Amino acid sequence: MSEFTVRRATAEDAKRLTRLVRTSRAYRGDYAAMVEGYQVGGAYIEHHPVFVAVDASDRVLGFYALLVDDAELDLAFVADSAQGQGVGRLLMEHMTGQARAAGLKAVRVVAHPPAEEFYLRTGAVRTGTVPPTGHIHWARPELRYDIA
């Protein structure tokens with residue numbers, strides 16, 4: 001396993017984060033519509049707590065975005081090549097630390113269906129289901145991280 005660290009994302013990371021979202025194997029087939037044309041913009045990164053996991057060469061391995069005002073995990077992605085190395089777990093631990101520092105008691109997650117097991121393994125609990133809406137034609141699991 002390679003060494004990696006978590007740092008605050010900057011607007012300069014926008015293209016790399018957008019590429020990670022758009023090329024994720026988790027969003028192929030029926031799920032492709034969710035990320036088609038999606039962009040993680042510099043203004044979004046500067047406005048919200050967005051943190052990126054990088055290796056020693058500053059290669060992006062994954063990232064998350066926490067919407068503090070809404071107490072919601074908005075985005076969480078791990079590069080296909082970095083999955084299974086603990087990057088996602090590290091990011092969720094970091095996210096809950098940031099949520100705690102912001103005074104949040106819980107963080108809501110509306111998950112991509114194949115990612116539900118990951119969230120459950122990293123401490124989230126299932127709270128419900130979000131029905132299909134707009135261009136998303138499938139129900140999505142709703143989960144919550146309780147912040148101790």
Side-chain angles (χ1 to χ4, degrees), residues 1-102 104 106-126 130 132 134-147:
M1 176 167 58
S2 62
E3 292 291 319
F4 45 87
T5 58
V6 178
R7 65 167 172 77
R8 181 78 188 243
T10 68
E12 293 175 0
D13 294 313
K15 286 183 181 179
R16 295 190 297 169
L17 302 186
T18 296
R19 185 171 36 254
L20 195 157
V21 169
R22 289 185 184 176
T23 61
S24 173
R25 281 193 311 245
Y27 288 89
R28 299 231 169 102
D30 292 341
Y31 298 122
M34 278 188 81
V35 297
E36 186 176 310
Y38 194 87
Q39 184 170 348
V40 182
Y44 177 90
I45 291 169
E46 291 177 354
H47 183 72
H48 299 290
V50 179
F51 288 87
V52 60
V54 295
D55 65 11
S57 301
D58 202 42
R59 182 174 61 104
V60 172
L61 304 174
F63 76 99
Y64 75 86
L66 178 64
L67 304 182
V68 174
D69 292 342
D70 298 325
E72 184 167 352
L73 180 65
D74 189 37
L75 299 168
F77 283 83
V78 174
D80 295 338
S81 62
Q83 291 186 11
Q85 299 178 24
V87 174
R89 180 170 295 279
L90 176 67
L91 287 170
M92 292 305 96
E93 289 170 359
H94 190 276
M95 182 275 298
T96 57
Q98 290 296 307
R100 186 176 303 105
L104 301 179
V107 174
R108 178 180 186 242
V109 179
V110 177
H112 175 50
E116 180 179 11
E117 285 301 315
F118 164 76
Y119 290 116
L120 292 171
R121 283 193 317 270
T122 59
V125 294
R126 177 89 185 248
V130 175
H135 69 280
I136 300 170
H137 304 288
W138 52 89
R140 293 171 290 157
E142 181 177 30
L143 304 106
R144 181 187 70 237
Y145 284 97
D146 290 317
I147 308 301

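All values reported here derive from a predicted model rather than from experimental measurement.
Between L61 and A82 the shortest heavy-atom distance is O-CB, 3.8 Å. The nearest pair of heavy atoms linking G86 to F4 is C-CZ, 3.9 Å. Across all non-hydrogen atoms, the minimal contact from I45 to A11 is CG2-N, 3.9 Å. Nearest heavy atom pair, residue R8 against residue P49, reads NH2-CA, 3.6 Å. In terms of heavy atoms, R19 sits closest to T23 at O-OG1, 2.7 Å. Taking each heavy atom of G41 and A14 in turn, the nearest pair found is C-CB, 4.1 Å.
Side-chain contact check for R126 versus Y119: every heavy-atom pair is 4.5 Å or farther apart. For the pair F118/V78, no side-chain contact is recorded, criterion being any heavy-atom separation below 4.5 Å from C-beta on. Contact check for R59 versus S81: side-chain heavy atoms found under the 4.5 Å cut-off. Taking 4.5 Å as the limit, some side-chain heavy atom of L17 sits within range of a side-chain heavy atom of V60. With contacts defined as side-chain heavy-atom distances shorter than 4.5 Å, the pair V107/M95 qualifies. Taking 4.5 Å as the limit, some side-chain heavy atom of V54 sits within range of a side-chain heavy atom of R7. No side-chain heavy atom of R140 sits under 4.5 Å from any side-chain heavy atom of E116. Under the 4.5 Å side-chain criterion, counting only non-hydrogen atoms from C-beta, D13 is not in contact with F63.
For the atom pair CD of E93 and OH of Y145, the computed distance is 10.0 Å after rounding to the nearest 0.5 Å. Once rounded to the nearest 0.5 Å, the distance linking NE2 of H47 with CG of D69 reads 6.5 Å. The distance from the CD atom of E72 to the CG atom of L66 is 9.5 Å, given to the nearest 0.5 Å. Atoms CG and CG, on D80 and L20 in that order, are 7.5 Å from each other to the nearest 0.5 Å. Atom CD of Q85 and atom CD of E3 lie 11.0 Å apart (nearest 0.5 Å). Note that OH of Y44 and CG of L67 are 5.0 Å apart. Values are rounded to the nearest 0.5 Å.
Judged by distance alone, the side chain of R89 and the main-chain N or O of T122 form no donor-acceptor pair under 3.5 Å. A donor-acceptor pair under 3.5 Å is absent between the side-chain atoms of H94 and the main chain of F51, judged by distance alone.
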Worked check of side chain to side chain contact (heavy atoms under 4.5 Å, CB included) between D58 and R16: CA-CA 11 Å; D58 202 42; R16 295 190 297 169; 3.3 Å; yes

Checking side chain to side chain contact (heavy atoms under 4.5 Å, CB included) for the pair F77/V40: CA distance, chi angles, key distance, verdict? CA-CA 12 Å; F77 283 83; V40 182; over 6 Å; no

